[in-house]
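Here is the structure we will look at.
Numbering of ligands and ligand atoms starts at 1, following listing order. Position 1 is the first residue of the sequence, and the numbers go up from there.
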Amino acid sequence: MNTPITCFPQHDSSKQFLQESSDIMYQYAKKNCLNNHTCDCFWYHSSWQYLRLFGGVHSQELHFNSYKDFFTQNRHNDLNILISGTADYAILHHLHPFLISHSNKIQIYIIDICTTPLKICQWYVDRLQLPDNITFTTIREDIFRCSLPNNFFNLITSYSFISRFKHVQQKEIIEIWKKLLNKYGSIITSDRVMQRERYDTAFKESNLDKKKFVEKIMTRYNQKGIKLSITKATLAAMAYKYIDQIRTYSIASDLQFKNLFFPLKTTHETKLIRGEASTPWIYTSIMASNSNHTS
Ligand SMILES: C[S@@+](CC[C@H](N)C(=O)[O-])C[C@H]1O[C@@H](n2cnc3c(N)ncnc32)[C@H](O)[C@@H]1O
């Protein structure tokens with residue numbers, strides 16, 4: 001049975017750093033994304049934090065309950081944690097209170113196909129000055145060619161990762177995650193669930209919604225009066241490029257999402273959150289575990 005949907009404009013607490021880091025991430029993107037021949041990501045990584053700063057895109061704390069359960073269940077264990085694809089340091093920020101309360105050893109690995117998000121995560125970690133029991137490694141790699149060891153991770157986590165890929169690739173990614181997971185490990189991830197007529201084509205915003213999205217960003221920019229290194233016109237162009245380019249391959253239903261993790265045991269929570277433009281998104285957060293922790 002599906003969990004009832006709760007309305008969810010939840011706190012995006014990592015915003016406190018964004019004013020400073022969005023300009024820094026833009027510089028990283030100019031240096032790294034434009035020289036990245038494996039993916040076309042400048043439009044995405046250069047704009048991501050500016051759009052987050054003005055509430056156009058979000059990084060909600062959808063995993064709070066699952067992280068809490070995971071860290072409670074593993075309170076006496078050394079932990080290997082993998083963040084699998086991340087636009088910026090938002091997941092690290094959401095994990096941070098749990099990380100610093102854990103007294104055993106923690107090794108955190110972040111994998112992304114592009115250097116830009118890895119660099120902004122490193123920037124964030126340098127600011128936080130994590131305690132000595134926590135180590136942090138960034139890996140620039142394509143998840144499909146990932147060289148990380150199998151049966152190694154206690155926790156693999158991501159946010160809106162698999163809906164960036166077509167359905168056949170979504171299955172492949174989850175199979176890769178399952179191999180990387182150790183026998184007591186858990187996968188905690190959230191993604192967009194939406195019934196649509198065709199799943200082989202991506203969801204795209206309408207032209208009207210693209211226009212409204214840019215207007216929303218510019219209204220907030222004018223209201224907030226935040227000084228950025230980019231001009232107003234550049235911000236407007238970035239916002240348009242982002243909403244024009246972004247593609248989402250949403251998952252058909254909670255059941256289909258859960259089935260992807262079989263034979264792991266799953267629990268899930270479903271939330272309604274603001275979308276980029278006017279379409280609200282139903283997000284399902286899954287915790288899938290090898291052991292019977294979640295039963
Ligand atoms: C985690 S996803 C989406 C994050 C964001 N929260 C959202 O809602 O759009 C985006 C990240 O995945 C990375 N990525 C895309 N393809 C990848 C691949 N094949 N292997 C590893 N990382 C990849 C991108 O570089 C990007 O930083």
Report yes if the distance between the aromatic ring centroids of W281 and F203 is under 6.0 Å, otherwise no.
-> yes
Return the residue, atom name and 0.1 Å-rounded distance of the protein heavy atom closest to atom 9 (O) of ligand 1.
-> R164 NH2, 2.6 Å
Please say whether Y283 places an N or O atom under 3.5 Å from an N or O atom belonging to ligand 1.
-> no
Considering only heavy atoms of W48, which atoms of ligand 1 have at least one such atom less than 4.0 Å away?
-> 5 (C), 6 (N), 7 (C), 8 (O), 9 (O)
Any side-chain heavy atom of P117 sitting closer than 4.5 Å to one from H45?
-> yes
Any N or O of Y242 closer than 3.5 Å to N or O of ligand 1 = no
Please determine if S84 has a nitrogen or oxygen closer than 3.5 Å to a nitrogen or oxygen of ligand 1.
-> no
Do any heavy atoms of E141 fall under 4.0 Å from ligand 1?
-> yes
Distance (rounded to the nearest 0.5 Å) between Y44 OH and I246 CD1 = 5.5 Å
Ring center gap for F257 and H268 short of 6.0 angstrom = no
Shortest protein contact, atom 19 (N) of ligand 1 (heavy atom only) = D142 OD1, 2.9 Å
Which residue and heavy atom of the protein sit nearest atom 10 (C) of ligand 1, plus the separation = Y44 OH, 3.5 Å
Heavy-atom closest pair (N104 atom, N77 atom, distance to 0.1 Å) is CB-O, 3.2 Å
R192, portion touching ligand 1 at heavy-atom distance under 4.0 Å = side chain
Without hydrogens or angle criteria, can the side chains of T248 and S163 be said to hold a donor-acceptor pair below 3.5 Å?
-> no
Should P117 be counted as touching ligand 1, given the test is an N or O pair under 3.5 Å?
-> no
So do I187 and M287 actually touch side chain to side chain, heavy atoms under 4.5 Å?
-> no
Is there a heavy atom in R140 that sits closer than 4.0 Å to ligand 1?
-> no
For atom 20 (N) of ligand 1, which protein heavy atom lies nearest, and how many Å away is it?
-> I143 N, 2.9 Å
For A87, take its heavy atoms, then give the atoms of ligand 1 lying under 4.0 Å from any of them.
-> 4 (C), 27 (O)
Looking at ligand 1, does any of its N/O atoms fall within less than 3.5 Å of an N/O of H45?
-> yes
Using a distance-only test with no angle check, is there a side-chain donor-acceptor pair under 3.5 angstrom linking Y184 and N74?
-> no
Ligand 1 to I113 polar contact by distance, N or O atoms, under 3.5 Å = yes
Beyond-backbone contact of F161 with W177, side-chain heavy atoms, under 4.5 angstrom | yes
For atom 8 (O) of ligand 1, which candidate among S158, S160, S59 holds the nearest heavy atom?
-> S160
Would you check, one step at a time, whether the test salt bridge (Lys or Arg N to Asp or Glu O under 4.0 Å) holds for D88 with R52?
-> CA-CA 10 Å; D88 65 5; R52 203 143 83 72; 2.9 Å; yes
Would you check if there is a donor-acceptor pair between the side chains of Y159 and S285 at a distance under 3.5 Å?
-> no
of all protein heavy atoms, closest to atom 11 (C) of ligand 1 is D112 OD2, 3.6 Å
Which residue supplies the protein heavy atom nearest to atom 16 (N) of ligand 1, what is that atom called, and how far is it?
-> F165 CZ, 3.4 Å
Just need the protein heavy atom nearest to atom 1 (C) of ligand 1, so name the residue and atom and give the distance.
-> G85 O, 3.2 Å
Near-ring test Y67/H63, centroid separation under 6.0 angstrom = yes
Pair F98 + F64: ring centers closer than 6.0 Å = yes
Taking non-hydrogen atoms only, is T86 closer than 4.0 angstrom to ligand 1 via side chain, backbone, both or neither?
-> backbone
Atom 6 (N) of ligand 1 sits nearest the protein heavy atom Y159 CD2, 3.3 Å
